[in-house]
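Below you'll find the structure, written out as structure tokens, and then a few comments.
Side chains are part of it too, since the values below use all heavy atoms of this structure and drop only hydrogens, waters and symmetry mates. This structure is a prediction, so every number in the text was calculated from the model and none was measured.
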Amino acid sequence: MKKIVNFLLPAFCLIAIAFSVAAFNKAGAATANTPAATAAPVGQPVDLTYAAEKALPSVVHIMYVQNSKIKTVDVQSDPFSDFFSDPFGGFFGHGNGGTQKRQVQTPKRTATGSGVIIDADGYIVTNNHVVEGADELTVTLSDNKEYSARIIGTDRSTDLALIKIDGKNLPAISIANSDDLKVGEWVLAVGNPLGLNNTVTAGIVSAKARSLGANGVESFIQTDAAINAGNSGGALVNTSGQLVGINAMLKSQTGSYSGYGFAIPTTIMNKVVSDLKQYGTVQRAMIGIQGSDVKNYVDAQKDQGKEVDLGTMEGIYVAKVVEDGAAAEAGIKEGDVIISADKQKVTRMAELQEIIAKKRPGDKIELTYLHDKKKHSATVTLKNEQGSTKVMKNMDLDVLGANFRPVTDSQKQQLGISSGLEVMKVNKGKFSEQGVTKGFIILSVNNESVKTIDDLQRIVKETSTSKEPVLFIKGIYPTGKKAWFTVVLEEN
């Protein structure tokens, strides 16, 4: 028997080795045909090199420059500073309550951020706060090629911006559906933090649909991948190197990474980019309610000594229904609790915001809600900020039907003004309809001083898509007579 055992033992070992080799070859074949990110067995460390190699060429460095400018500011008067040049003006503040207008030169400002190439023809997504107010934008690719960039459109509510460089066959990133992300999944943050270009950090998805109260529309992907200053606008990618979010901010008491970063999901990004390309502005759909997470509402009531039973501890408590809004027309009342939208369960406001952010005015959405703890359903037709379902487009200065130029120094001295735009010619348009004539000088629009044509252009664009598309114009004629005009920015 002992001899038999001695004979069989080597035989079993040989058989075991053969099976091991076969298994190894099979695993090797799977690895050869599958990206490294998906080949790792469950419970084993994930190889992130494949994702990094795929994503790095698509992430760019953005240099922001705001040139030095001359600004007029109000300063407190020094009772002695102007005494010898004007023995009364300095002491009495030139009749302006102890203040004087002074011209100061602002310093040149530079900053850096990141962006992601989403189209081979040069379209790049970044954060609005990376490009807002820039006079010059320089984009540097991973191969150190530099391009000047222009802004296609921006959206403050989501903190997204679309810019473009004149390039061809650029390394555009593959875009994944961020809805497919799962908490605990590995992700990489790719960008240019702290001046360290082409940096990759790794972490997991810590939470989804996170709201921080920083933007008007937000449903952040939370990650513990290190995100620092300069990462803004960079890529958050999955283990296949596909874009799942645009890195936007970090939560820290020190201003540098201390645990969590936040990214804008691609579901929101795709809609914003599409709108900016097609319309020049985001077609924002409104459901017409104000509210909060049910838990937050119940906790607030408890703090006041009140007990509340809404029939659920998940969902969105409707604190106010906007008159003539989409929700009001669908029969939703104050005190109702929305628990589902578009056949997706919603447990908090950020989840509802993300669903609505994918929609345009005129789209319909099915809501399930509790009224007096009883379940109801309603189909809501979403509206725009102005209360209609029309497509909203940014209006240009052309709508005013006039030509402008900044006032001259002699006009400033003669009329006692510090800045303004003179109407040089009036054609067919809003100005002729309201009786604005050549020679009128615009001093402010909607209580904002107007110094340059760019100032007026920006105000017209922003106002044309606002809830109240009206310009309140204050100005002065060459005779010194002051005048006010109201211009409604609606298409005839």
task: Provide the closest heavy-atom pair for V139 versus A149 in the form atom of the first, atom of the second, distance.
output: CG2-CB, 3.8 Å
- prompt: Can you name the salt bridge (Lys or Arg N to Asp or Glu O under 4.0 Å) partners of D299, sequence neighbours left out?
  reply: K295
statement: Which of V450, L397, I473 passes side-chain contact (heavy atoms from CB on, under 4.5 Å) with I459? It is V450
message: Once rounded to the nearest 0.5 Å, what's the spacing between atom CD of Q344 and atom CD1 of I365?
response: 8.5 Å
message: I'd like to check the salt bridge (Lys or Arg N to Asp or Glu O under 4.0 Å) partners of E385; sequence neighbours left out, ordered by chain and number.
response: none
Donor-acceptor pairs under 3.5 angstrom involving side-chain atoms of residues 199-207: please list them, not counting sequence neighbours.
residue: T199; atom: OG1; partner: L196; partner atom: O; Å: 2.7
residue: T201; atom: OG1; partner: A226; partner atom: O; Å: 2.7
residue: S206; atom: OG; partner: D224; partner atom: N; Å: 3.4

query: Does N247 reach the main-chain N or O of S232 with its side chain, forming a donor-acceptor pair under 3.5 Å?
result: no
- prompt: By side-chain contact (heavy atoms from CB on, under 4.5 Å), which residues pair with T452, not counting sequence neighbours?
  reply: D454, D455
query: What's the spacing between R360 CZ and N384 CG if we round to 0.5 Å?
result: 13.0 Å
- request: Determine, step by step, whether L162 and I118 satisfy the side chain to side chain contact (heavy atoms under 4.5 Å, CB included) criterion, reporting the C-alpha distance in whole Å, the side-chain angles of both residues, the deciding distance to 0.1 Å, and the verdict.
  value: CA-CA 10 Å; L162 181 66; I118 60 166; 4.3 Å; yes
- prompt: Taking side chain as C-beta onward, heavy atoms only, is L456 less than 4.5 Å from V445?
  reply: yes
query: According to the ring pair (Phe, Tyr, Trp, His ring centres under 6.0 Å) rule, which pairs have a member within residues 347-366, sequence neighbours left out?
result: none
message: Applying side chain to side chain donor-acceptor pair (under 3.5 Å), can you list everything that pairs with D135, at least two apart in sequence or on another chain?
response: K69
query: E314: what forms a side chain to side chain donor-acceptor pair (under 3.5 Å) with it, not counting sequence neighbours?
result: K345
task: Supply the atom-to-atom distance D180 CG to N238 CG, rounded to the nearest 0.5 angstrom.
output: 9.5 Å
Audit row: Q434, K430, side chain to side chain contact (heavy atoms under 4.5 Å, CB included) steps and yes/no: CA-CA 6 Å; Q434 294 300 317; K430 298 293 184 182; 5.6 Å; no
- request: State whether E132 and R156 are salt-bridged, where the test is any N-O pair (Lys NZ or Arg NE/NH1/NH2 against Asp/Glu carboxylate O) under 4.0 Å.
  value: yes
- prompt: Is a salt bridge present between R284 and D155, judged by a nitrogen-to-oxygen distance below 4.0 Å?
  reply: yes
- prompt: For R210 and Y260, what are the C-alpha separation, side-chain angles and deciding distance, and is it a side chain to side chain contact (heavy atoms under 4.5 Å, CB included)?
  reply: CA-CA 11 Å; R210 185 72 79 192; Y260 297 110; over 6 Å; no
field: Side-chain heavy-atom pair I152, K164 within 4.5 angstrom cut-off
entry: yes
- request: State whether the number of non-hydrogen atoms from other residues, nucleotides or ligands found under 6.0 Å of E323 atom CD is greater than 12.
  value: no
message: Whether R458 and E448 form a salt bridge (side-chain N of Lys/Arg under 4.0 Å from carboxylate O of Asp/Glu) is what I want to check.
response: yes
- prompt: Between E329 and K383, is the closest basic N to carboxylate O distance under 4.0 Å?
  reply: yes
message: Using a 6.0 Å cut-off, check whether atom NZ of K208 has over 12 heavy atoms from anything other than its own residue.
response: yes
- request: Please identify each residue that fulfils side chain to side chain donor-acceptor pair (under 3.5 Å) with E462, with sequence neighbours left out.
  value: none
field: For K467, all residues meeting salt bridge (Lys or Arg N to Asp or Glu O under 4.0 Å), sequence neighbours excluded
entry: none
field: Closest non-hydrogen atom pair between L188 and A51, with its separation
entry: CD1-CB, 3.7 Å
message: Within the 4.5 Å heavy-atom criterion, are S142 and P57 side-chain neighbours or not?
response: yes
message: Strictly distance-based, threshold 3.5 Å: is any side-chain N or O of N270 a donor or acceptor partner for the main-chain N or O of T266?
response: yes
query: At their closest point, which heavy atom of P171 faces which heavy atom of S58, and how far apart are they?
result: O-OG, 2.6 Å
message: V125 vs I117, test: side chain to side chain contact (heavy atoms under 4.5 Å, CB included). Steps then yes/no.
response: CA-CA 7 Å; V125 173; I117 302 171; over 6 Å; no
Distance-minimising heavy-atom pair for V380 and A330: CG2-CB, 3.6 Å
- prompt: What distance separates E468 CD from L489 CG, expressed to the nearest 0.5 Å?
  reply: 12.0 Å
message: I'd like to know if the side chain of S219 pairs up with that of Q353 as donor and acceptor (distance under 3.5 Å, no hydrogens or angles considered).
response: no
Note, T154 side chain near I151 side chain (heavy atom, < 4.5 Å): yes
query: What residues, two or more places apart in sequence or in another chain, satisfy side chain to side chain donor-acceptor pair (under 3.5 Å) together with D363?
result: none
- prompt: For A285 and P361, which heavy atoms make the closest approach, and how far apart are they?
  reply: CB-N, 4.0 Å
task: Flag the pair Q66 / T106 as yes when at least one side-chain heavy-atom distance between them is below 4.5 Å, and no otherwise.
output: no
message: Looking at K277, I want to see if its NZ is surrounded by more than 12 non-hydrogen atoms of other residues, nucleotides or ligands under 6.0 Å.
response: yes
field: Pair listing, ring pair (Phe, Tyr, Trp, His ring centres under 6.0 Å) test, anchored in residues 283-336, at least two apart
entry: Y297-Y317
message: For a 4.5 angstrom cut-off between non-hydrogen side-chain atoms, does L160 reach M269?
response: yes
task: Using a 4.5 Å cut-off on heavy atoms from C-beta on, say whether the side chain of F472 contacts that of N447.
output: no
Using residues 367-374 as the side-chain source, report each donor-acceptor pair under 3.5 Å to any protein atom, sequence neighbours left out, with the distance given to one decimal.
residue: H371; atom: ND1; partner: D336; partner atom: OD1; Å: 2.6
residue: K373; atom: NZ; partner: D309; partner atom: OD2; Å: 2.8

- prompt: So, do I355 and V346 sit near enough that their side-chain heavy atoms are less than 4.5 Å apart?
  reply: yes
field: Reported OH-to-CG distance for the pair Y64 and L137, which is rounded to 0.5 angstrom
entry: 8.5 Å
query: What's the shortest heavy-atom distance between I227 and M249, and which atoms?
result: CG2-O, 4.2 Å
- line: The single option from T267, N177, I175, L236 that satisfies side-chain contact (heavy atoms from CB on, under 4.5 Å) with V244 is L236
From K333 atom NZ to K320 atom NZ, the distance as rounded to the nearest 0.5 Å: 15.5 Å
